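In this text the structure is predicted, and so the values were computed from the model without any measurement. Residue numbers begin at 1 in each chain, while the letters A, B, ... track the order of the sequences. Every heavy atom of this structure was used, including side-chain atoms; hydrogens, water molecules and symmetry mates were not.
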Amino acid sequence: MEYDFKKIEANWKKYWTEQQVYKVSNNSNKPKCYVLDMFPYPSGAGLHVGHPLGYIASDIYARYKRLKGYNVLHPMGFDAFGLPAEQYAIETGQHPAVTTEKNIARYREQLDNIGFCYDWSREVRTSDPKYYKWTQWIFLQLFHSWYDRKEQKARPISELISIFEKEGNTNISCPGDETLQFDSATWKNYSEKERRDCLMQYRIAYQGYAQVWWCEALGTVLANDEVVNGVSERGSHPVERKNMRQWFLRITEYAERLLTSLDNLEWSEAMKEMQRNWIGKSVGAEIEFDVVADIPFVEEDGTVNPGHANILLKVFTTRPDTIFGVDFMVLAPEHEMVDTITLPEQRQAVAEYKTYVKSRSERERMSEVKQITGCFTGAYAFHPFTERQVPVWISEYVLAGYGTGAIMAVPSGDERDHAFAKHFNIPITNIFGDKYNGEEAYSSKTGTIENSDFLSGLNIADASEAAINELVKKGIGKRKVNYKLRDAGFSRQRYWGEPFPIVYVEGVPYGIDESPLPASPQGGGGVAQETSARDLSASLSKGEGDVAQLPVELPFVESYKPGPEGQGPLANIKDWVNISLPLGEGRGEASRETNTMPGYAGSSWYFLRYMDPHNDTEFADRKATDYWNQVDLYIGGTEHAVGHLLYSRMWTKALYDLGHIGFDEPFKKLLNQGMIQGSSRFVFEVIFSFISSRSSKSGRIFVSKTHYQKLKLIENDKGKVIEYLVNTGIDKYNIADIRADTTLRIIRHHIDVNLIYGIELNIPAFKEKFGFNEYNGYLLTEENGAYLCDTEIEKMSKSKYNVVNPDDIVAQYGADTFRMYEMFLGPIDVSKPWDTKGIEGVHRFLKKLWRLYFDDSGLIVNDEAPTEAELRVLHKTIKKIGEDIERFSFNTSVSQFMICVNELAGCHKRAILEPLAITICPFAPHIAEELWHQLGPDGYRDGSVVDAPFPLYEERYVTENTKKYPVAVNGKTRIEMEFPMDAEQADVEQVVLADETIQKWLEGKTPKKFIYVKGKMINVVV
RNA sequence: GCCUCGAUGGCGGAAUUGGUAGACGCGCCAGACUCAAAAUCUGGUAUUCGCAAGGAUGUGCAGGUUCGAUUCCUGUUCGAGGCACCA
């Protein structure tokens, strides 16, 4: 019987589906294990062989855990909202819902092909209204909450209102506006609008302003991705940064908790470090500088301010110790005070500079450090201690969003400040003595501060303390902890995303659940509603279209054109946007939020939904979330290091704070999978065209690699190129007729890797694809008739023609081979190129395995007693596979299986082969299922191998009694000697030193030292 | 530019805690079977010197720690991912 993987795999896939083998129950006595993959965005290109890498790893782990007796939750779903679908809709007119549905179907088919043990009854799709109903619900929880800094947790905003009524905000500083202060009487006198504006400064989901890419020509806001080289990707129109009102999540309030609770997570140090750096905690000081504003300037309302204003410029610095080295100040060009302090004669230069900066991305501003730009404002600031006047500049290297958007520049101690000072000829004060050489800033954090009044002679830490104390004493500064982390922009001016459950009444945003009726009519016990406008709230729930109901469904549109003034496409649907409320005279106009939520909204909590995916009254039953709890193993790419993973952590913490779930970290253990890169292939083409006396001629000659290399050397000399081609014997096109006025190009370009075997072109397939005939195209091969290509390792992508579809591999070799080969490629977390060629080895291995059980006549398994050697290899394998899976070293597992099968050659004993079939099940489930059933009575068993117990190894078969030691002299291994495992040093020493070879290497010298590490090695030092 | 990671034969990689570098597989070479091919099986395969025995070199590069370094430290080169609206 041959190994007929097609039949076997189709058969068992059908069985698994019919028997619902992978359906998971929330009720079980077994210990639970939650194994999760980062769900994919279903792109139009389908899966390529890189995508399943992590899925296979998690599948192996999930199957192993199930064999080990766990109740394993292993779900899959789709992150189905996103920009590409909308982009595609704009280009083709197909509705994103339609294309997304199609893409999902394709993904599902491809995933099924590989034999994953997903419980598809739990599938989630973020674009499904039944799902995003709860995304909207969670948004409302965040909208109706504020962050209590003293208790370090989110609390319902109704509790904040109670506090304000009692004591104003004297004890609760305002995160949105630190200067805001009011007492209870003021609060009570506020109008409803004023109150809600004030609350907005506290809400965890709030409205603010952010810079976005604005494209006037397209009339739309663009994503960073859509801006290429400073112009729009579509149409190459100019773009600029524009400030627009947006929704945000106040993730900065969680900065400290997000930072400290990283310590308890089983994530790679690299991953934690990336998150730490992203959060970017730094301790320093906030210092106020007086700015000389002795100049008249025009206020916004047109009145002329005579000057002498007490303008204070706040800066944040991590190096308060360098305060005496301040030689100038720099403001972000967007800083709100720039226009205020700029002198009349500098106004034009400043305005021009600001225009320039508007065209620059943050990335460019941070990365192009060698290009120094800036503009003097004409203003000077007083040094707080010396009263010295230092110039105030603006420059793009200072970002508005970080710290206070202004810095005190210390050129002798900071590289960028130094470069800036040198470039603009600003005199530099040295505060580091001879440590500073005048050429390069001294940015090291060791040494003492000099030339700094009361700080002179102190080390950096002490000087910082002293400086801060003095600043506090003078009332012009304070100790300050700063985070690089910024609040998360949460709105997009797009169609294909979750609509906000927000309604504006007279420009004031309300949650659609704000009603005196139960807060969330769908149940779920939401945060207590908050609005104080009785009539208004009541009306909201009675309004047309029953706005109190979630979800707010995404309306169907036919056009994806942006709305007016940069609004999203939803703004064009007047019927949907405008709501009429029976509010009485002049108050009936209400409208919906027209922004949609960003891609990460749905993915920030999907792991919770899998626990209870069909619940219509809650996002998930508390019993279910308590049972499944944290994700035990989460596998995905590092590209999500700071985006998705940080937002998910924040949402989990918020839901925990508000009492909806019982844990505040979503992913206990995280494993990053590397990328599988594409291995691109290139062909070389000589293209020429010329006009002869009678007609115009053109042609293309595909030359093999060695010809290309030679031609490349003479590329600039057409005569020589023609001569070369003629000498190869090409008579086509009358090459010899080609004269010097020919245009002739030699190019190297991508070729579809599916037309290549190794580096050799599949010539018939290539000719067919390119429509070769006697008039079109010619192939110039190597002497042996082969056409050789160039190779390069690149990202796997359609545009590089290096995409390999898993379906093709599965069709040719089977899913089991594909799964094992992906694992065999290397460590799961390392990027590596795909090479289809190597798959033969793994396929051969499975055939070899098969032949232990079957020969031409059929099953050949017997009941003979196994030998010691056979038992040893089996038990070693069981041990190694278990250990390897626990440490996610799947490539070495595959090697071990190969070693095992090699050593078992000729063994057909049930006692060995039955446990082996179960052991290999996580890796190659189809063949394992077949073998396991074949070994049963009459070639069939009840149930599936996935419920068999993973075999246990016996210690006596895996321990060795003796060890062949490498014996080294002076660290260089010279011979091998065998000793019992329990040999003592004295005995070993005697034998080793008596050895002839060792004697020879000792050259008569006496050993200085004898190193004997039990079970490892022996080293003689002379 | 900044943050994180990586670099080992012709190729993918192994070496789990500082202890025999190159397991396993691909490719290549030789042989067996075959009329032949495919498939399968056996042996060899880091570089270099040597007929051989055996020696020297070798884990991106330059140093350091150690009896001993692919592994730890410092510097450096190159490559990958991320840098806040791709997902």
Side-chain angles (χ1 to χ4, degrees), chain A residues 38 40-41 43 79 81-84 87 210 212-213 221-227 246 268-278 280 362-370 397 401 416 484-494 598-600 603 637-644 646 672 674-675 677 679 758 793 795 821 824-827 829-835 837-842 844-845 847-848 851 883-884 887 889 891-892 894-899 902 905 964-976 1008-1011 1013 1015-1022:
Chain A
M38 288 187 189
Y41 174 80
S43 83
D79 189 11
F81 274 134
L83 204 49
Q87 193 58 41
V212 292
W213 281 117
V221 172
L222 298 175
N224 286 338
D225 248 33
E226 298 174 300
V227 178
Q246 305 285 346
S268 70
E269 255 327 293
M271 205 54 139
K272 290 190 199 177
E273 197 59 22
M274 273 191 265
Q275 290 223 341
R276 285 188 195 111
N277 290 332
W278 188 260
E362 268 190 32
R363 179 92 52 89
E364 287 167 334
R365 289 172 59 171
M366 285 187 291
S367 58
E368 292 170 16
V369 293
K370 279 174 192 138
Y397 82 91
R416 285 170 314 174
K484 219 182 316 179
L485 184 71
R486 307 206 289 255
D487 279 340
F490 198 68
S491 45
R492 303 287 183 262
Q493 291 70 51
R494 296 287 174 181
Y600 65 83
S603 61
T638 46
E639 66 270 26
H640 299 287
V642 285
H644 162 61
L646 205 60
N672 295 116
M675 290 228 298
Q677 294 144 323
S679 185
I793 305 299
K795 207 168 173 160
Y821 182 55
F824 188 58
L825 279 175
D829 55 341
V830 177
S831 293
K832 54 240 154 188
W834 175 267
D835 179 10
K837 244 181 157 179
I839 202 169
E840 301 276 358
V842 174
R844 232 169 262 161
F845 153 76
K847 283 198 263 187
K848 247 191 216 174
R851 280 196 305 275
E883 287 171 355
D884 280 355
R887 68 189 177 101
S889 176
N891 55 329
T892 52
V894 179
S895 296
Q896 181 60 38
F897 279 123
M898 288 174 170
I899 292 167
N902 286 345
K964 275 190 181 151
Y965 283 90
V967 184
V969 179
N970 280 340
K972 280 200 175 19
T973 307
R974 295 305 175 184
I975 50 161
E976 238 176 36
K1008 228 192 293 179
K1009 204 166 165 191
F1010 190 89
I1011 297 159
V1013 184
K1016 298 283 186 191
M1017 46 67 68
I1018 295 161
N1019 189 14
V1020 188
V1021 186
V1022 291

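Atom CD of A:Glu883 and atom P of B:rU17 are 12 Å apart (whole Å). Atoms CD (A:Glu364) and P (B:rC2) sit 17 Å apart, rounded to a whole Å. A straight line from CG of A:Asp225 to P of B:rC85 spans 11 Å, rounded to a whole angstrom. Rounded to whole Å, atom P of B:rG19 lies 21 Å from atom CD1 of A:Ile975. Computed from coordinates, the A:Lys1016 NZ to B:rA15 C1' distance equals 10 Å when rounded to whole Å. The interatomic distance linking A:Leu83 (CG) with B:rA87 (C1') rounds to 10 Å, in whole Å.
A salt bridge is absent between A:Lys795 and A:Glu639: the closest approach of a Lys/Arg side-chain nitrogen to an acidic carboxylate oxygen does not fall below 4.0 angstrom. With respect to A:Lys847 and A:Glu840, no salt bridge is recorded, no charged nitrogen being found less than 4.0 Å from a carboxylate O.
Distances shown here put every side-chain N or O of A:Arg363 at or beyond 4.0 Å from the OP1 or OP2 atom of B:rG82. A close approach under 4.0 Å does occur between a side-chain nitrogen or oxygen of A:Arg492 and OP1 or OP2 of B:rC85.
A:Ser491 comes within 4.0 angstrom of a base, heavy atoms only. Residue contacts shown for A:Gln246 include a base, since a base heavy atom lies under 4.0 Å away. Counting any heavy atom pair closer than 4.0 Å across all strands shown, A:His644 reaches no nucleic acid atom. At a threshold of 4.0 angstrom between heavy atoms, the contacts of A:Ala641 with the nucleic acid are absent. If you check every strand for non-hydrogen atoms under 4.0 Å, A:Glu368 touches nothing. As judged by a 4.0 angstrom heavy-atom cut-off over every strand, A:Ile1018 is placed among residues making no nucleic acid contact. Nucleic acid contact class of A:Val642 (heavy atoms, under 4.0 Å, all strands): sugar-phosphate only. Looking at heavy-atom distances under 4.0 Å, A:Pro40 makes no contact with the nucleic acid at all. Using a 4.0 Å heavy-atom distance criterion, A:Trp278 is classed as a base contact.
Nearer to the 5' terminus of RNA chain B, by closest-nucleotide assignment, is the contact made by A:Asp829 (compared with the other of A:Arg494 and A:Asp829). Looking at which nucleotide of RNA chain B each of A:Asn224 and A:Pro833 is closest to, the 5′-most match is held by A:Pro833.
B:rU70 sits 15 Å from B:rA46 when the C1' atoms are compared, rounded to a whole Å. Nucleotides B:rG13 and B:rG81 have their P atoms positioned 16 Å apart, rounded to a whole Å.
Pair assignment for B:rU20: none, as no Watson-Crick or G-U wobble contacts are both less than 3.5 Å. Of all nucleotides present, only B:rG75 satisfies the Watson-Crick or G-U wobble test against B:rC61, with each distance under 3.5 Å. Remark: B:rC2 base-pairs with B:rG82. Criterion, Watson-Crick or G-U wobble with two distances under 3.5 Å. Across the strands present, B:rU34 finds no partner; the criterion is a Watson-Crick or G-U wobble pair with both atom distances under 3.5 angstrom. Under the Watson-Crick or G-U wobble criterion, with both distances below 3.5 Å, B:rG68 is left unpaired in every strand shown.
Under 3.5 Å, the side chains of A:Lys1009 and A:Asn1019 contain no donor-acceptor pair of N or O atoms. Checking A:Thr638 against A:Asn672 by side-chain atom types alone, no donor-acceptor pair falls below 3.5 Å.
Checked by distance alone, A:Glu273 brings no side-chain donor or acceptor within 3.5 Å of a matching partner on the base of B:rU4.
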Under 3.5 Å between N/O atoms: give me all the protein pairs with nucleotides 23-27 of chain B, atom names plus distance.
residue : atom : partner  : partner atom : Å
B:rA23  : N1   : A:Ser895 : OG           : 3.4
B:rG25  : OP1  : A:Asn902 : ND2          : 3.1
B:rC26  : OP1  : A:Arg844 : NH1          : 2.5

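When distances are taken from the side chain of A:Leu485 to each of B:rG13, B:rA84, B:rC85, the shortest belongs to B:rA84. Nearest to the side chain of A:Ser367, among B:rU40, B:rG1, B:rU4, sits B:rG1.
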Which parts of nucleotides 54-81 of chain B does protein reach within less than 4.0 Å, heavy atoms only, written one letter per nucleotide 5' to 3' as B for base, S for sugar-phosphate only and - for none?
-SSS---------B-------------S
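Between A:Phe845 and A:Phe897, the ring planes are tilted. Angles from 30° to 60° get that label.
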Checking A:Glu226 against A:Leu83 for the side chain to side chain contact (heavy atoms under 4.5 Å, CB included) test, could you report, in this order, the C-alpha distance in whole Å, the side-chain angles of both residues, the deciding distance, and whether it holds?
CA-CA 10 Å; A:Glu226 298 174 300; A:Leu83 204 49; 4.0 Å; yes
